[in-house]
J.: 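So that we are looking at the same thing, I have put the structure below in structure tokens.
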Amino acid sequence: MFRTAQPQTLSPRAALLFVNGFRALLLLVLFTLSLLPGSDGQSLIEGNRQFYAWSGIYLLLIGVWYLLREGKLGHTLQLTLAIAADIAMMVWLMAMNDGIHGGFGLLLLPYLAAAGLLSTGRYALFYAAIATLALFSYSGFEHWLGLARQFDLSYSALLASACFVTAIATWRLGRMARASEALAAQRGGEIANLHHLNELILQSQRDAVVVLDEDGHLRQFNLQAERYFNRLQRGQLLPELLPLVSRWRDDGSPALSTFVEHSARGRQLVGRLVPVPVPEGQMRGVVLFMRDMADMAEEAKRVKLAALGRLTANIAHEIRNPLSAISHAGDLLAEDETDPARQRLLRIVQDNARRINGMVEDVLTLGRRDRVRREPIELAPFVAQQLEHFSMSQPDAAGAVRCELADDCRLSFDRGHLAQILGNLLANAWRHGSRRPGSVRLQAGIAENHLILRVIDDGSGVAEADQARLFEPFFTTESAGSGLGLYIARELAEANGARLDYSPPGGVFRLICQLAHD
């Protein structure tokens, strides 16, 4: 959720403390001046005992104002009473020091300036009006006593005008300052929200994103980048990426993007390099969008499986239903045994229908490769059971397969998938071998914390030209085969975290599986 920054204005308590601090400082300066003699031997401030009484009263007022800073009186009322008292005290000080001609009336201006900064326009004018009323009241009182001198009224009018100008000018300056402060706070909030939005976008990227300056220092990154480069910190150098940054900086290519490929901590990364446009004179930067090729391959595999699932659904609907009708019609026609030629054609129809149905079953098996139920399997009894089933489908292979299994071979695998893989490999080995006792061998052993199962026949093996396409779907060197057996076997192996490959020379297939842990 976006955050809205509030204007950081001067608080009432801080404003009162500021004005009170100014009063205390002014009192200290005036009291010091009263102790210093002038050129004529007289003190710089007249008044003697009366001045010390004035100082005591003013000090008492400062203390009261300090104690009332958090009282029940409102901020505006406190400020108004304080400024009015300050005006009265300054007029009294002026009266003690040669009246309007003494120059102490100018001390009214700082108070009116502070009041104008801390208040609204009408209050600033009100404070200036109080000062004007006090000045003219003092001038009228002097005139009534017969102590007024020529031009006293003019001096009072000029000083009153200065009070109004000071109050209005400082109020406008204060309003501009508060508006600028509010605008800065608003812009700061917008920048903070934009930064937060950029963070969300950056973290939602599937690619690993790193932002580097032209010296190669890390400026920004996302969680995916931390997966590729452990323990990232802003400002650090990534040695793996320095060659890319150096090449970009030295070439000065204007291209906005270019493909890069790099190896980082055992990962093969591929991605884009995008320069960041910056104003003239500022340090340039570059953004790298990277992905692990292994992740890309895994994603491509998921896409392939999704497409394969749709394909199997279409095959089941578009092929199996008419195929069932053809097979059923062939069975009905086969009941007529009077025509041998018809019987031969019907056998061709039935054989090919069974072949197509087998292909459909194989493809549907691929669609179920993600339904894996891995379990610990003791290899020796499992192989014995599978050899018994194989002998039932290939009676001439009974007792012809020789087993060489290490002791205590246990693997983690889906039992149905392992049976299908082993049955396919045994059928291929028996078909391409010499079909004599011992022509097919099963070997199993443990190496590098993996169980390796080998199916070996004594045939000539796969031709070198065909080895690259051996596990491709629908690739076969026989007219009767579907070309899906080895492809399905490898897919099922990968679904169980295993690997099936061909190991030349000769007919040797290896199934490398994960060991079962107790």
Side-chain angles (χ1 to χ4, degrees), residues 8-39 42-71 73-120 123-124 126-128 130-132 134-135 138 159-160 162-175 177-178 181:
Q8 299 298 316
T9 58
L10 191 64
S11 66
R13 178 174 179 271
L16 292 176
L17 286 176
F18 171 76
V19 176
N20 222 28
F22 173 74
R23 295 185 185 107
L25 179 62
L26 179 62
L27 178 61
L28 178 62
V29 171
L30 293 176
F31 190 80
T32 303
L33 291 176
S34 69
L35 301 177
L36 299 176
S39 59
Q42 299 293 326
S43 61
L44 295 176
I45 296 180
E46 298 180 3
N48 300 326
R49 293 181 180 179
Q50 188 180 4
F51 173 77
Y52 296 126
W54 177 90
S55 299
I57 294 174
Y58 201 33
L59 180 63
L60 179 62
L61 288 175
I62 292 174
V64 172
W65 289 324
Y66 179 78
L67 295 176
L68 291 177
R69 70 190 187 280
E70 293 180 348
L73 293 178
H75 163 63
T76 303
L77 180 58
Q78 287 190 53
L79 184 62
T80 301
L81 293 177
I83 295 299
D86 290 329
I87 292 173
M89 295 299 293
M90 292 304 107
V91 172
W92 183 9
L93 179 65
M94 183 181 65
M96 289 187 297
N97 292 271
D98 200 18
I100 195 69
H101 296 277
F104 284 91
L106 295 176
L107 292 177
L108 292 170
L109 301 182
Y111 288 102
L112 293 175
L117 288 173
L118 301 176
S119 62
T120 59
Y123 280 103
F126 176 65
Y127 301 145
I130 293 176
T132 301
L135 287 173
Y138 173 73
L159 187 56
C163 291
F164 273 97
V165 171
T166 301
I168 294 174
T170 54
W171 163 70
R172 291 185 62 85
L173 288 175
R175 187 177 67 172
R178 286 189 290 270
E181 186 179 13

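Positions are given from 1 along the sequence. Quantities reported herein were computed from a predicted structural model and do not represent experimental measurements.
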J.: Checking side chain to side chain contact (heavy atoms under 4.5 Å, CB included) for the pair Ile130/Ile83: CA distance, chi angles, key distance, verdict?
T.: CA-CA 9 Å; Ile130 293 176; Ile83 295 299; over 6 Å; no

J.: Could you pull out the closest heavy-atom pair between Ile87 and Ala134, with the gap in Å?
T.: CG2-CB, 3.8 Å

J.: Can you tell if the side chain of Leu107 reaches within under 4.5 Å of the side chain of Met94, non-hydrogen atoms only?
T.: no

J.: Which pair of heavy atoms, one from Thr166 and one from Ala113, lies closest together, and at what distance?
T.: CG2-CB, 3.8 Å

J.: Do you know the tightest heavy-atom contact between Leu112 and Ala128?
T.: CD2-N, 3.9 Å

J.: How close do Ala160 and Leu135 get, counting heavy atoms only, and between which atoms?
T.: N-CD1, 4.0 Å

J.: Going by the angle between their ring planes, with limits at 30° and 60°, are Tyr58 and Trp54 parallel, tilted or perpendicular?
T.: tilted

J.: With a 4.5 Å cut-off on side-chain heavy atoms, are Met89 and Leu26 touching?
T.: no

J.: Starting at CG of Asp86, measure out to CE of Met90 and round the result to the nearest 0.5 Å.
T.: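 Rounded to the nearest 0.5 Å, the CG-CE separation comes to 6.5 Å.
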
J.: Working to the nearest 0.5 angstrom, can you tell me the gap between Leu81 CG and Leu61 CG?
T.: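 Here the rounded value is 11.0 Å.
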
J.: Apply ring pair (Phe, Tyr, Trp, His ring centres under 6.0 Å) to Phe164 and list each qualifying residue two or more places apart in sequence or on a separate chain.
T.: none

J.: Could you note down all residue pairs passing salt bridge (charged side-chain N to carboxylate O under 4.0 Å, His left out) where residues 52-65 supplies at least one of them, sequence neighbours left out?
T.: none

J.: If you round to the nearest 0.5 Å, how far is CG of Leu59 from CZ of Arg23?
T.: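 Nearest 0.5 Å value for the CZ-CG distance: 12.5 Å.
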
